[in-house]
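To start, the structure under review is shown below, and the notes come after it.
So you know, we letter chains A, B, ... as the sequences are listed, proteins then strands, and number each from 1. Values below: every heavy atom of this structure, side chains too, minus hydrogens, waters and symmetry copies.
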There are 2 protein chains.
Amino acid sequence: MDRLMKPTIYDIAQKAGVSAATVSNVVNSRGRVGEETRKKVVKVMDELHYRPNLAASVLKGKPARTIGFFVPDMLNPIYMEYVKYAEERAQACGFSIIMCSTENDPQKERVQADILRQKNVDGFIITSKFQNEQLLQELEQEGFPSLCLAHERNEFQFDSVTGDDEQAGQMAADYLVSLNHINVAMIAEKDSLSSPGRITGFQKRFQELGKNAPPVFFAEASIERAKKVAKEVIREKKPTALFGGNDVIAVGIIQAARELNLSIPAELSVIGLDNTFLCEIVSPQVTAISMPVKKISYKGIDLLIDKMKSGRDVRKAAVYPPALVERVSAQKRKK
Amino acid sequence: MDRLMKPTIYDIAQKAGVSAATVSNVVNSRGRVGEETRKKVVKVMDELHYRPNLAASVLKGKPARTIGFFVPDMLNPIYMEYVKYAEERAQACGFSIIMCSTENDPQKERVQADILRQKNVDGFIITSKFQNEQLLQELEQEGFPSLCLAHERNEFQFDSVTGDDEQAGQMAADYLVSLNHINVAMIAEKDSLSSPGRITGFQKRFQELGKNAPPVFFAEASIERAKKVAKEVIREKKPTALFGGNDVIAVGIIQAARELNLSIPAELSVIGLDNTFLCEIVSPQVTAISMPVKKISYKGIDLLIDKMKSGRDVRKAAVYPPALVERVSAQKRKK
DNA sequence: GTGAAAGCGCTAACAG
DNA sequence: CTGTTAGCGCTTTCAC
C-alpha cells in the first residue's frame, strides 16, 4: 500500500491476514466474526487510521446518512432555530445536514434539489412552502422521503411536523381577552402557510367569547415591512393591543410603537408568536405564544429517518401544542 | 432498464445508440464528441431525467463539491451570518455546505470531522478556534484543504480570511475619543481568538492619543453573561462609555443599562463590534464597528475552492478593513 | 470521433 | 466462521 493513499478495506485485510469481506463485516458489525479476528482487524484499522469511504457503500446502495434541509432565508430567527435543533438531532442520529437556502425561488429549489439527489441525500426537510409545485409532485411520485417542517401540505403525501397554529391563535386571543382588550388587531405574515391557522384560531376565539373578530392585516416577513404596516394600523385603528403573527412581526410592531412614541405595554400591548430568541432581545421583552421548536425539529428528524428506513407509505403528521410565555409587552387594559 | 430504477449512463448510452464513455464525455463536456451525437445524447438524458450519480464519480476520485462548515453555536447571530453568506457563495460556485455544530467540544469536532471525511467532503471551513489541536495537526499534515474564517491560527498552515480586529478596536477608540469619552471600559469575549486583536487596537489607540488605556473585562459569548458583567462594570467604574467586543456583548450591555435605569446614550454610550442584525433590532439601535461579513464569507469560499483545485501549499490570508456604522447608542459626552 | 475495458472501495450472496 | 466473487455507476486511458 502506497504510504500516501488512504487505506482501503484491502489494506486492512492484508495486514490483518483476513479477507476484505471479513473486514467489511467487522466495520458493519454484520455477519459472524470470531472475537479473535475482530480484535485483530480493529487493531489494524486503528493503526492505519482506517476511515471507510462512504462513496463506495453509497454506490452499493447504502444510505448516505445525509439530509437536505431547505430554508427560504437563513437569517430569519425562526428558521435558524429549526436548523439548529434539526442539526443537533441529526448529529445524534448519525446524520449530517446539508443546508439549502432557496430565497423562495422555484428555480433554486429545483437546481438544489437535483444536486442534492445527485449527492444521494437520503431525504429532504422543507421548512416553508416550496414555490416549485412540480418539484414537489416529482418527489411525491418517486416516493423520495420528504417532510414538511412547521407547515403542512395536505395536497401531498409528505409527513409533517408542526405546532398547532390554530390553537396558538386561540391562546393569543384568550390572553388578550383576559387582559380586557377589545380593540385589537392582528398583523399576519403574508403568503405564509402558518398564517391561515393562526388567523382562524385568533378570530374564532374572539367570536366564541362573544366579541367581534379582530381585523387582520398582512406584512411580509421582515421587521421593516412589519413596522410599516404596524404604523398604519396603529394610526388608523388605535388598538389597545396588537397580535404579531410571528416574532419578526411582533418586533416590527415594537419598533413602530417606539417611533410613534407609544409606550409598551402602557399604551399598547403586544403579543408575539413562536417565541424565538428575538423575544428576549428586544425591549420590552415580548410576551409570546411559544411553539416548541426544539421538539418539532427533533420529531421532524425522527420521522424522516423512520420514513427512510421503513419505507412506509402511510403519511404521518405530528402536531405539538403551543404555550403562553408571559413577559412584559402586554398588560391589562387601563380603564 | 427497469422502469423503477434511476437511469444510468448505460441506459442513456443504449437508448442513444452510443457507448457509456461517450455519454460520460457529454456529461462532463470532455473529450471529442461530434455535435450530432452530443445533441442526441442530451436529448435522451432529458427524456429519461438522467441525474448522474455523484457517488460513482467521487469513488473515481472526483470532488464531491461539498464543504464542511464548523460553527460552535448556530444561534449566535455572527455565525449565522457567516453561514448564510458562505452558503450563498458556495451555491453560486456549485458547492454544498454541510453544517456542523460543535459546541466547542473537541470530541464532537473529531467525530464530525471524521464523518465528513468519510463523506469525501472536499474541505473544511472552521469559524472558531477548534478545541481539538490534534485534529488540526492531522488536517495540516494530510494537507486537507481547511480554512479559518474570522480568525487566524498562525501555528498552522491553514488559509484564513478575517476582518482586521486590531483596526476595529482602534476605530472604536477613535470614535469614543472623538465623542470626548475618557472614562471608558471594554467588555471582551472570553476565549475568543478575535479578542486579543480587538483589545490591543482599542487600548493602544487610547495611549497613542495620550489617554489611559481603558480597562478590559471579560464575559462569555452570551447576552446573559455579558449583562451580568456589564452591570458590575457599570456599578464599579461608572464609565460614560462602554465598548462591547462583539454585538452579543453590546446587547448585554444595553440590557444591563436598562435594568440599572441608565439611559442610552444620554447617560451611557455603547458601541458594538461586528454589526450583525442584532444592532438594528435592539433599542436603542447600536452604533457598531462593522466587519464585512459577507465579503469575508465569500472570500473564504473562494480561497478554499482555489486551494482544493490548485493544491497549492503556500498559505493565503486575506484581511478586510472594518467600518464605522453610526446609529444612536453613542453620543458626545455631556460636560 | 467513439468504444472496450479496467477499476475506484465497498457489500452481500454464496461457498466452503 | 471466513473467503470468493460479482457488481454498484462512472471515468479514463488506449485502441480502433
Contacts of B/Glu36 and A/Leu54 projected onto DNA chain C by closest heavy atom; the upstream (5') one is B/Glu36
From NZ of B/Lys62 across to C1' of C/dG9 the rounded distance in Å is 18 Å
Original post:
Looking only at side-chain N and O atoms, does A/Thr22 come under 4.0 Å of OP1 or OP2 in D/dT2?
Top reply: no
With the side chain defined as heavy atoms from C-beta on, A/Val33 is closest, among C/dG1, D/dT2, C/dG3, to D/dT2
* To do: Pick base, sugar-phosphate or nothing for A/Gly34, based on heavy-atom distances below 4.0 Å to the nucleic acid.
  => sugar-phosphate
Rounded to whole Å, the CG-C1' distance (B/Asn25 to D/dT11) equals 9 Å
When you check the gap from the basic side-chain N to the acidic O, do B/Asp313 and B/Lys307 get nearer than 4.0 Å? no
query = Do any side-chain nitrogens or oxygens of B/Arg30 fall under 4.0 Å of OP1 or OP2 in D/dT11?
reply = no
Which of D/dT11, D/dC10, C/dC10 is nearest the side chain of B/Pro52? It is D/dC10
Whole-Å distance, B/Gln14 CD to C/dA4 P, equals 12 Å
I want to check something: taking the side chain as every heavy atom from C-beta on, are A/Val44 and A/Gln14 in contact at a cut-off of under 4.5 Å? no
Here the distance between atom P of D/dC10 and atom NZ of B/Lys6, to the nearest Å, is 8 Å
Query - A/Arg153 with A/Glu133: basic N within carboxylate O range, under 4.0 Å - result: yes
Phosphate oxygens OP1/OP2 of C/dG9: is one of them under 4.0 Å from a side-chain N or O of A/Thr8?
no
Assess, by modelled atom type and distance only, whether the side chains of B/Arg117 and A/Asn53 contain a donor and an acceptor separated by less than 3.5 Å.
no
Polar side-chain contact A/Lys60-C/dG9 base: donor and acceptor under 3.5 Å: no
Whole-Å distance, A/Ile9 CD1 to D/dG7 P, equals 19 Å
Within the 4.0 Å heavy-atom criterion, would you say A/Val18 contacts the bases, only the backbone, or no part of the nucleic acid?
sugar-phosphate
Report task. Would you sort out whether A/Thr66 and A/Lys119 count as a side-chain hydrogen bond (donor to acceptor under 3.5 Å, both in side chains), showing the intermediate values? Result -> CA-CA 9 Å; A/Thr66 305; A/Lys119 294 187 180 176; over 6 Å; no
In whole angstroms, the gap separating C1' of C/dG7 from CG of A/Asn53 amounts to 14 Å
Between CG of A/Asp11 and P of C/dC8 the distance, given in whole Å, is 11 Å
| B/Lys295 atom NZ, neighbour heavy-atom count above 12 within 6.0 Å | no
Inset, instruction - Please work out if B/Ser24 contacts a base, only the sugar-phosphate, or nothing of the nucleic acid, heavy-atom cut-off 4.0 Å. - result: base
#### Entry: Basic-acidic side-chain contact under 4.0 Å: B/Lys6, B/Asp11
no
Out of D/dT12, C/dC10, D/dT4, minimum distance to the side chain of A/Ser57 belongs to C/dC10
Whole-Å distance, B/Leu59 CG to C/dC8 C1', equals 4 Å
Between its two end axes (five pairs each) the helix from C/dG1-D/dC16 to C/dG16-D/dC1 turns, nearest 10 degrees, through 40°
Mind running side chain to side chain contact (heavy atoms under 4.5 Å, CB included) on A/Glu88 and B/Ser101 for me, showing each step along the way?
CA-CA 7 Å; A/Glu88 188 170 298; B/Ser101 185; over 6 Å; no
C/dC10, OP1 or OP2 - any side-chain N/O from A/Tyr50 closer than 4.0 Å?
yes
Between B/Ala56 and A/Thr37, the residue closer to the 5' end of DNA chain D by nearest nucleotide is A/Thr37
